[in-house]
Amino acid sequence: MYTLKAPKYFKSVTLTLFVLLLSGQTIAKDWLVDSPKAYKKTLEKVKPGDKVILANGTWHDFEIVFKGIGTKDQPIELTAQTKGQVILSGQSNLRLAGKHLVVSGLVFKGGYTPSNAVISFRRNKEDLAYHSRVTEVVIDNFNNPDKRESDYWVAIYGQYNRFDHNNLTGKRNKGVTVAVRLDSKNSQENHHQIDHNYFGPRPILGSNGGETLRIGTSHYSLSNSYTLVENNYFDRCDGEVEIISVKSGQNKIRNNVFFESRGTLTLRHGNGNIIEGNIFFGNGVDHTGGIRVINKNQSVKNNYLEGLTGYRFGSGFTVMNGVPNSSINRYHQVENALIENNSFINVGHIQLAAGSDMERSAVPVNSTMQNNLIFNENSQQPFTLFDDVSGISFIGNVANTVAHTKLISGISQENITLKRAENGLLYPLDRKFAEKGASKDLSPILKSATGPHWYLKKNNLVAFDSGKVINVKAQGDALFNAVLMANEGDVLVLADGDYDVRKMIDINKTVSIKAKHQGKVKITFQRSTLFQIIDGGSLMLDGLVISGSSSPDSSGNTLIRSQKWGMVENYRFVMRNSTVTDLDTNHSFHFFDSGAGAFADYIELTDNHFSHITGDLLRLNKEIEDLGIYNAEYVILKNNSFDNVAGTLVNLYRGGTDESTFGPHLDMSNNTVKNSGKGKRNKTAASLYLHGVQVTSIESNNFENTADIVIEHTVGEPKTLVKNNDFNNTATVSVKELYVKGSHTAVLVNNKNSK
Ligand code: CA
């Protein structure tokens, strides 16, 4: 089944064709195949210049091996009958091996790879791909359902390969999205090109292993890679602290856009990398960062960074301290770094000699920061110096703020007014600053110029209340059925009345459940759990009265929980204006319990009343292996009252010493807590138990007759603020540093203690 592709000159130059045929030259053929078997047979026959075309439709469980030897002028192609209409689903993947191969038009979705990569530029360790290209391919939410199982979406081996115009969206399980591997001689000095790709949203992983692009590994980091990464769009790539982790030498990263992505481009290992013409738009989003410099001979020029809030190793710009005679996997000293003509506009933090400690004591040397533009609308100068920075020469930099006292000679304070130019970037109006900061001819790559044009760049996150409004009556299984029938984003509005729910309600979509009249909807439930959030689910409750009075008379009931084990999709849970009471049919009746492997983007409780609960309120403590994994990124409690909660209000646990995450965060303000945390079965014996939480704010709450607040700091320089609280007959706050020597770093101010 194939068609002959006649050359354009077929009629006019029949003689030439005849001669070509006689001389044994092949004519390119198109081979349309409609089954894996036909594909395999065809592959044995293809010649340089041929095209293997997969028929439109869904190919389930198809592990493609694309092996062949094409030529520069006549590559062998693998493509779709219609680009975008060949879907690889189930346990599918693609391996390329040989030379001059081109793959295009395929979509991987609705499954995951059974191997360690969806697309691999090698068949096995010996058989790699060279001079090959993968273009206009989509990998969309193609995730192992066990989030802790690690795989790459794309593993690039060999040399002179190109990966371009692809769309990679929604990687949720562990493992780097695109990894350039340098693990053998044949994959080093590779000259790969990674360009015009759309790196779509990668949600927070909640552990290490969420990098979007990694080039090399520490083991081979003194090898050169010569990989070019240009004109890519990184859209909310939030996986972990490293968006790009460069771990090899002589790479160029240029003209990429980083849009609202949490984390940084990190020059983690390897020397002589060039970072040029990149644009970072943070838009004030939490933990948006820029560039982090480590190692020798790094050049950071003509980059534009705006609206970045990140701090510490996630800052808008960081130059690290090194370890003297560092082992290959620690921190090599910064030497001969050139940091020139960058614009740092509303970049909250620029940190120099960062990470300085007993081990990391080698300060940056022989380096230069010159002609950079630094502008902070809030008039706060952004520099923090953690050690001696005399090894960095500051020349000709300008700022609108008074510079850090130690940098004053190399950063002059100027009266700078900025104006947004046609390219969307801010530049000083005054021409005397024309040579400062990023150049005017930068042209940020447009999202629309990346990825295949035929595949929609979706926002995977469905907002609450973005769907239809559905009215629900207080009768029979109406609530259960309404949730079952609801679509993404729908709002179920409950009529006044009593709802005694017979069956556990699974939440597998984004749905809001609201009382038509606040306080007039009373829900009781007969199973051990009322709502279970499962993969794909997010829940908002508003204005309800929920009672445990008709729940089973057994211990361990839970009003709301996430699926007991292994969710791959992050969820959100919000409750407002509601009353939860009488969770006391037996002991250990909890309000909310996370399953192991579940991860909440946020949990928000605002303006609620909780009373008479025999168990815990929020149990976010299921990652007990101490691997830096945790259950919720943001936990927010505002304007609630808690009375007689026997267990722990918030048990939030991130164990271990890993530093690849920004969270968890706890924000607790304006709550009233009474008679809580004092149950004899409360295992933490605390009202709040926070272990390894990175950002904590406990402000303006009233605690009365309540158990201790226990805060255990681990690594990562956690920020803890306990301010303006009233503690009435309540043990005060206990803060412990578990790893760092010396006194704790929490800020406790203006709290009132009374008996
Ligand atoms: Ca990492």
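Quick note: numbers below take in every heavy atom, side chains included, and nothing from hydrogens, waters or symmetry partners. In listed order, ligands and their atoms are each counted from 1. Note that the structure is a prediction, hence the values are computed from the model and not measured.
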Asks: Near the Ca ion (ligand 1), which protein N/O/S atoms fall under 3.0 Å?
Replies: Asn208 OD1, Glu211 OE2, Glu240 OE1, Glu240 OE2, Glu242 OE1
Asks: Using the salt bridge (charged side-chain N to carboxylate O under 4.0 Å, His left out) rule, collect all pairs that involve residues 307-316, keeping only residues at least two apart or in two chains.
Replies: Arg312-Glu659, Arg312-Glu717
Asks: So, His287 versus Tyr311, ring centres under 6.0 angstrom or not?
Replies: yes
Asks: Using 4.0 Å as the upper bound for N to carboxylate O, is an ion pair formed by Asp235 and Lys447?
Replies: yes
Asks: State which residue, out of Glu623, Gln694, His691, fulfils the side-chain contact (heavy atoms from CB on, under 4.5 Å) condition with Arg654.
Replies: Gln694
Asks: Using the salt bridge (charged side-chain N to carboxylate O under 4.0 Å, His left out) criterion, which residues pair with Asp151? Sequence neighbours excluded.
Replies: Lys171
Asks: Side-chain polar contacts of residues 331-338 - donor-acceptor pairs under 3.5 angstrom, sequence neighbours left out - could you list them?
Replies:
| unit_1 | atom_1 | unit_2 | atom_2 | d |
| --- | --- | --- | --- | --- |
| Gln333 | NE2 | Val363 | O | 2.8 |
| Asn336 | ND2 | Asn297 | OD1 | 2.9 |

